[in-house]
Visitor: 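Once you've had a glance at the structure underneath, I'll fire off some questions.
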Number of protein chains: 2
Amino acid sequence: MATIYDVSFLAGVSLATVSRVVNNTGKVSDKTRQKVHDAMAKLDYRPNTIAQSLASNRSNSIGVLVSQLDGPFYGPMMREVESALRAANKHVIIAAGHSDAAQEKDGVEFLLSRGCDALIVDAEILSNGYLVELCQGKTPVVLINRHVDGIDERCVHLNNLQGGLLASRHVLEKGHKQIAYISGPLFKLDARERLEGHRQALAEQGIAFDENLFYEGDFREEGGYEAMAQLLSRGRDFTAVVCANDQMASGAIAQCLERGLRVPEDISFVGFDNIPFPRYISPKLTTVCNPIQDMGRMAAHWVLREVYDQTDVTFCHRFEPELVVRDSVITR
Amino acid sequence: MATIYDVSFLAGVSLATVSRVVNNTGKVSDKTRQKVHDAMAKLDYRPNTIAQSLASNRSNSIGVLVSQLDGPFYGPMMREVESALRAANKHVIIAAGHSDAAQEKDGVEFLLSRGCDALIVDAEILSNGYLVELCQGKTPVVLINRHVDGIDERCVHLNNLQGGLLASRHVLEKGHKQIAYISGPLFKLDARERLEGHRQALAEQGIAFDENLFYEGDFREEGGYEAMAQLLSRGRDFTAVVCANDQMASGAIAQCLERGLRVPEDISFVGFDNIPFPRYISPKLTTVCNPIQDMGRMAAHWVLREVYDQTDVTFCHRFEPELVVRDSVITR
DNA sequence: CTGTTAGCGCGTTCAA
DNA sequence: TTGAACGCGCTAACAG
């Protein structure tokens, strides 16, 4: 592999000059620039990124921690992060938290020790305190899919309360009065916010929140499946179920169908997130769009702007959800 | 951040000695080792991985190219790759091909230029010729989910023919005689092999392959949806559809349900891959298990063994599929 | 505009 | 068993 020295020798210039044309820094006359370019082409020169990193104290790598690599939710986010950063010639190092406190923390430290220029963190379990501290560290960090008070500037997140409102208002507008709610785990802020949206929507219509129609799930298919079994066993009537995400909605619907209940004729469903798959189930799931791809792109933009001084990228902290009406809610 | 020099100074030993204890190389007396460990602890010393890489000519990073980051298929694979490699303290750099020839090639070169110690490549479009050449290059490469003649040692792949056999035999055993087949794109070897399995299964029962019951899809939901519309419009009778993957099966089922056809009462379905989601649709999809996670782990093991000399990892090239019987095939 | 030079932090001979 | 010295390939003052 040719080094910068070989190029400088062949072009008859100094190392510094080659470095200047490679990095487009400083002034170089067109003639020398041309000579250098010719030499680089002839030698098929590629800068050694490791040496660049060592000398410049920049690794050009961004660490991304996601809670899970599998599952339908993070793929689209990763896709946008990777696209945006690779276009800027930065590379993405991944680590997965596997929904486990120790592994999440370990992942962050792993990425930090790898000399990443910045971190994009989707933290599922890590405490607010830890994250605040992390953000005060040397390595710039942006949080995605989570809002932590005090470090608002570092958070890219969804207006979950509004999403909860949209979902529940929709079923209310369709005439439903007894509405069950399958929540995400309440230690998560987004789950609490979505639930709060639901409560507000009920309150708007003067409907009391009924604990018997509430179940705290885990944001997973299995959890939704189990939740539905529980709700049905309580003997309370309800005509609709609002789920805090699409995965739980899928599991809950599966439970209903297994029991011979018809969806939406017997029970209507609303999900949340708008993940790809439930468009292909029957009935097509009505849900709330969570623009996770856009949030991924924004997190990448934040890094580009804050760390690599690219001032021409747009940025936005908070995203608004939208209702996606399909076929899983019937009018009562 | 403390450097190796700070440690050597505090411990009263040379740089070389610190390097030795850090890397567990060469002989160091227990006493000096202890001194060095104490100093490292006191300074919270972490080796600078970039400098290590430059000096040792090893980046400890593995590049992974996947055709798509979103979608249900690659998440589980990435998960295993990441787990296995991070456990070995290697880091994973990702790039996505986005099912586009130029981007796939660009991704490979990007990873190569990043100084990865090895590449794990899931190539969807790249030609066999390119891949063979790539494997002859300086950077070790292992191909996943694809078999290329001449570089068998570098391929981790599924016995797709056997999978095709299993799927079609199953519907045949259930008494179906007119069986439609929605194939993957035939420029892909796996699609051809699965189809060949189907043909063999038909031949075993003395049933002629009928072009009118065949449709070449694209391995995507939309493709399955469209395929089903086409097949139904041809006016040929059939009681079952074998799909070359679960995504197309999902789309095809959606098409049927929209038209008021019942699944499996009117038409039975078999998929391929066993991706997570279709377990939660109705009917639960009968399919062929594609152990993509295991293949991801094996690719990581290959790298660990070939590049980092870890002799204690298991390895296997070729994986066998298994039939997963659920509810989407009815007896005729 | 261009070249010289000193590191970046670490691995690795080679002597001692 | 230890240490001194060199070099990995490049960037960034500084000087000219």
Side-chain angles (χ1 to χ4, degrees), chain A residues 1-40 43-61 89 91 112-117 138-139 307-309, chain B residues 1-37 39-40 43-61 89 112-117 138 308-309:
Chain A
M1 202 63 186
T3 74
I4 198 171
Y5 176 80
D6 301 324
V7 176
S8 76
F9 183 82
L10 183 60
V13 300
S14 74
L15 295 178
T17 301
V18 177
S19 175
R20 285 187 193 103
V21 350
V22 167
N23 298 300
N24 250 320
T25 166
K27 295 286 166 201
V28 181
S29 77
D30 284 351
K31 208 160 63 185
T32 14
R33 181 184 305 277
Q34 192 54 53
K35 280 195 297 188
V36 173
H37 275 137
D38 292 347
M40 293 201 302
L43 295 169
D44 189 28
Y45 169 72
R46 322 272 196 101
N48 179 320
T49 57
I50 308 261
Q52 285 180 317
S53 297
L54 185 59
S56 65
N57 199 27
R58 278 218 167 153
S59 65
N60 287 312
S61 68
N89 212 34
H91 67 252
L112 249 23
S113 80
R114 265 7 225 191
C116 292
D117 292 339
K138 203 190 70 191
T139 304
V307 181
Y308 300 112
D309 304 317
Chain B
M1 202 64 185
T3 73
I4 198 171
Y5 175 80
D6 302 324
V7 176
S8 76
F9 183 82
L10 184 61
V13 299
S14 75
L15 298 176
T17 301
V18 178
S19 176
R20 285 188 193 100
V21 351
V22 167
N23 298 299
N24 251 320
T25 167
K27 295 286 166 202
V28 181
S29 75
D30 283 352
K31 208 161 63 185
T32 24
R33 182 183 305 278
Q34 193 53 52
K35 281 195 296 187
V36 172
H37 275 137
M40 293 201 301
L43 294 169
D44 189 28
Y45 169 72
R46 323 272 196 100
N48 179 319
T49 57
I50 309 260
Q52 284 180 317
S53 297
L54 186 60
S56 66
N57 200 29
R58 278 221 167 150
S59 66
N60 288 312
S61 68
N89 211 32
L112 249 22
S113 79
R114 256 20 214 184
C116 293
D117 292 340
K138 203 190 71 192
Y308 300 112
D309 304 316

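Residue numbers begin at 1 in each chain, while the letters A, B, ... track the order of the sequences. Computed from a predicted structure; not experimentally measured.
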Visitor: Which nucleotide, C/dG9, C/dT2, C/dG3, lies nearest any side-chain atom of A/L54?
Guide: C/dG9
Visitor: If you check the A/K27 side chain, which of D/dA13, C/dC1, D/dC10 turns out closest?
Guide: C/dC1
Visitor: How close do B/L15 and B/Y5 get, counting heavy atoms only, and between which atoms?
Guide: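 It is CD2-CA, 3.5 Å.
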Visitor: Measure CG/B/D30 against C1'/D/dT2 and give the value in whole Å, please.
Guide: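 Going from B/D30 (CG) to D/dT2 (C1'), I get 15 Å.
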Visitor: Please report, rounded to the nearest Å, how far the P atom of D/dC8 is from the CG atom of A/D6.
Guide: 11 Å
Visitor: Tell me, with the steps shown, if B/V13 and B/V18 meet side chain to side chain contact (heavy atoms under 4.5 Å, CB included).
Guide: CA-CA 7 Å; B/V13 299; B/V18 178; 3.9 Å; yes
Visitor: Of all the choices, D/dA12, D/dG9, C/dC1, which nucleotide is nearest to the side chain of A/A51 once you look at every atom?
Guide: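 Nearest listed nucleotide: D/dG9.
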Visitor: Would A/R114 and B/N89 count as a side chain to side chain contact (heavy atoms under 4.5 Å, CB included) here? Give the steps.
Guide: CA-CA 10 Å; A/R114 265 7 225 191; B/N89 211 32; 4.1 Å; yes
Visitor: Measuring to OP1 and OP2 of D/dT2, would you say a side-chain N or O of B/T17 lies under 4.0 angstrom away?
Guide: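 It does not, given that no N or O in the side chain of B/T17 lies less than 4.0 Å from OP1 or OP2 of D/dT2.
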Visitor: Taking 4.0 Å as the cut-off, does a side-chain nitrogen or oxygen of B/N23 come that near to OP1 or OP2 on C/dG11?
Guide: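 Yes.
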Visitor: With a cut-off of less than 4.0 Å, is there a side-chain N or O of B/S14 near OP1 or OP2 of D/dG3?
Guide: yes
Visitor: Strictly below 4.0 Å: does B/S53 bring a side-chain N or O up to OP1 or OP2 of D/dC8?
Guide: no
Visitor: Would A/R58 and B/I50 count as a side chain to side chain contact (heavy atoms under 4.5 Å, CB included) here? Give the steps.
Guide: CA-CA 10 Å; A/R58 278 218 167 153; B/I50 309 260; over 6 Å; no
Visitor: So, is A/S56 close to the C/dC8 phosphate, meaning a side-chain N or O under 4.0 Å from OP1 or OP2?
Guide: no
Visitor: When you measure from the side chain of A/V13, which nucleotide among D/dT1, C/dC10, C/dG3 comes out closest?
Guide: C/dG3
Visitor: Whole angstrom is fine here: how far is it from CZ in B/R58 over to P in C/dG9?
Guide: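 Going from B/R58 (CZ) to C/dG9 (P), I get 23 Å.
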Visitor: What is the distance, to the nearest angstrom, from the CZ atom on A/R46 to the C1' atom on D/dC10?
Guide: 17 Å
Visitor: State which of C/dG7, D/dG3, C/dG11 makes the closest approach to the side chain of B/A55.
Guide: C/dG11
Visitor: Picking from D/dT2, D/dA13, D/dC10, which would you name as closest to the side chain of B/V28?
Guide: D/dT2
Visitor: Look at all strands and tell whether B/V18 reaches a base, only sugar-phosphate, or nothing, counting heavy atoms closer than 4.0 Å.
Guide: nothing
Visitor: Within the 4.0 Å heavy-atom criterion, would you say B/N57 contacts the bases, only the backbone, or no part of the nucleic acid?
Guide: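 Nothing: the residue B/N57, judged by heavy atoms under 4.0 Å, touches no strand.
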Visitor: When the distance from CG of A/L15 to P of D/dC14 is rounded to whole Å, what number comes out?
Guide: 19 Å
Visitor: Once you round it to whole Å, what is the distance between C1' of C/dC10 and CD of B/Q52?
Guide: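 Between C1' of C/dC10 and CD of B/Q52: 7 Å.
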Visitor: B/S19 near the nucleic acid: base, sugar-phosphate alone, or nothing, with a heavy-atom cut-off under 4.0 Å?
Guide: base
Visitor: Between B/T32 and A/M1, who's closer to the 5' end of DNA chain D by nearest nucleotide?
Guide: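 Looking at DNA chain D, the more 5' nearest nucleotide goes with B/T32.
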Visitor: Just the rounded figure in Å: distance from P of C/dC1 to NZ of A/K31.
Guide: 13 Å
Visitor: So, B/Q34 and B/D30: side-chain donor and acceptor under 3.5 Å apart, yes or no?
Guide: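 No, no side-chain donor-acceptor contact under 3.5 Å.
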Visitor: Separation of A/Y5 atom OH from D/dG9 atom P, in whole Å?
Guide: 13 Å
Visitor: Would you please test B/D44 and B/R46 for side chain to side chain contact (heavy atoms under 4.5 Å, CB included) and show each step?
Guide: CA-CA 7 Å; B/D44 189 28; B/R46 323 272 196 100; 3.6 Å; yes
